[in-house]
Protein chains: 2
Amino acid sequence: MQEPTLLLLTALADQPRHGYAITQEIRKISDGQVTMRTGTLYGALERLLKQGLIEVHREEVVDGRLRRLYALSDEGRERLAGEAERLAATAREASRRLGVFGSGAAGSPRPSAATS
Amino acid sequence: MQEPTLLLLTALADQPRHGYAITQEIRKISDGQVTMRTGTLYGALERLLKQGLIEVHREEVVDGRLRRLYALSDEGRERLAGEAERLAATAREASRRLGVFGSGAAGSPRPSAATS
DNA sequence: ACAATATATGTCGCCCAACGACATATGCGC
DNA sequence: GCGCATATGTCGTTGGGCGACATATATTGT
């Protein structure tokens, strides 16, 4: 799973959101670094729906236009948790190999028992 | 940067390695989860060389065959550090949001560092 | 009144990293 | 000899992300 997709799922982790709100939330999550384009967004939403990682939470009509609220499914929640854990492990290993120990830069990855 | 590329750079973080050794190292790093195909490997190596993130450390001849040892460049090292940090932050945010969901309703999700 | 921007959803074609399959060659153990 | 690990490489396909475009309303500014 690529980062944009992971960010999308993350944006739905705390509460259901509609498309545009997702892009805003992603910008917030990534500290302004990532702007998800609509081409990526709606393509990903369709794909994730098909994969069952998200689901349509509710559909409401605002100003005569349909607004679809997406929510993380149970499967999506598990998947996101797994991806996040795996990603964190990868990042930790990279930092460890680079020789960045507990200097305070990225969290506090104190070298636990697993040295290899 | 995608994960396979990041894993490749990570495999070169502690010492220079040749292609096949990189694939083995990646398998080790990922705890047996990721097997980098040669199609991905040599394509990525070429690309990373062109980008200046890695460089040819040494070329030796073993059993009449050329063996090229790749090393992380300074730029690659910085890049890897940055990517790792950013990835860790993303993963942390995902975990945090998965952890606090449902408790705060919508309004002020206080950033409690209960996760991890 | 008009223009620009924010909100909001969507389509389409291109690009590139990753992938799978294939090709090639040597050394080693059985 | 045969299969496997070691070792490097090519090639066509796929799929996710990107950029550009299309559309429509509400709000804010001049």
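Reckoned from all heavy atoms, side chains included, excluding hydrogens, waters and symmetry mates. So that the names make sense, note that chain A is the first sequence line, chain B the second, and so on, each numbered from 1.
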Quick one: pull up NE2 in B:H18 and OH in B:Y20 and give me the separation to the nearest 0.5 Å. 8.5 Å
For atom CD of A:Q24 and atom P of C:dA8, their distance in whole Å: 7 Å
Rounded to whole angstroms, how far apart are CZ on A:R17 and C1' on C:dT7? 16 Å
Is A:Y42 reachable from A:L72 through a run of hydrophobic residues whose side-chain heavy atoms are each under 4.5 Å from the next? yes
dist B:L69:CG -> B:Q15:CD (nearest 0.5 Å) comes out at 9.5 Å
Residue B:R67, side-chain heavy atoms: nucleotide from C:dA18, C:dA8, D:dA7 that is nearest: D:dA7
Give me the one residue out of B:L9, B:T10, B:T5, B:L6 that meets side-chain contact (heavy atoms from CB on, under 4.5 Å) with B:E83. B:L6
Round to the nearest Å and state the distance from B:I22 atom CD1 to D:dA7 atom C1'. 12 Å
If you check every side-chain atom of B:R65, which of D:dG16, C:dT26, C:dA18 has the closest atom? C:dT26
State whether A:E93 and A:R97 are salt-bridged, where the test is any N-O pair (Lys NZ or Arg NE/NH1/NH2 against Asp/Glu carboxylate O) under 4.0 Å. yes
A:R47 vs D:dG16: side-chain N/O to OP1/OP2 distance below 4.0 Å: yes
From CG of A:L66 across to P of C:dT9 the rounded distance in Å is 8 Å
With distance as the sole test, does A:R17 use its side chain to make a donor-acceptor pair with the main-chain N or O of A:A11 at under 3.5 Å? yes
A:Q33 versus B:R86: any side-chain heavy-atom pair under 4.5 Å? no
DNA chain C: 5'-proximal contact among A:R68 and B:P4 (nearest heavy atom): A:R68
Rounded to whole Å, how long is the line connecting atom CG of A:L49 with atom P of C:dT9? 13 Å
Can you list, in residue-number order, the parts of residues 31-46 of chain B that come under 4.0 Å of DNA chain D, counting heavy atoms only? B:T38, B:G39, B:Y42
Report the distance from atom CD of B:E83 to atom P of C:dA17, rounded to the nearest whole Å. 13 Å
How many whole angstroms separate atom OH of A:Y70 from atom P of C:dA8? 14 Å
Quick one: label A:E3 by what it contacts on the DNA or RNA (base, sugar-phosphate, nothing), any heavy atom closer than 4.0 Å. nothing
Think B:Y20 has a side-chain N or O under 4.0 angstrom from the OP1 or OP2 of D:dT8? no
Whole angstrom value for the distance that separates C1' of D:dT8 from CG of B:D63: 14 Å
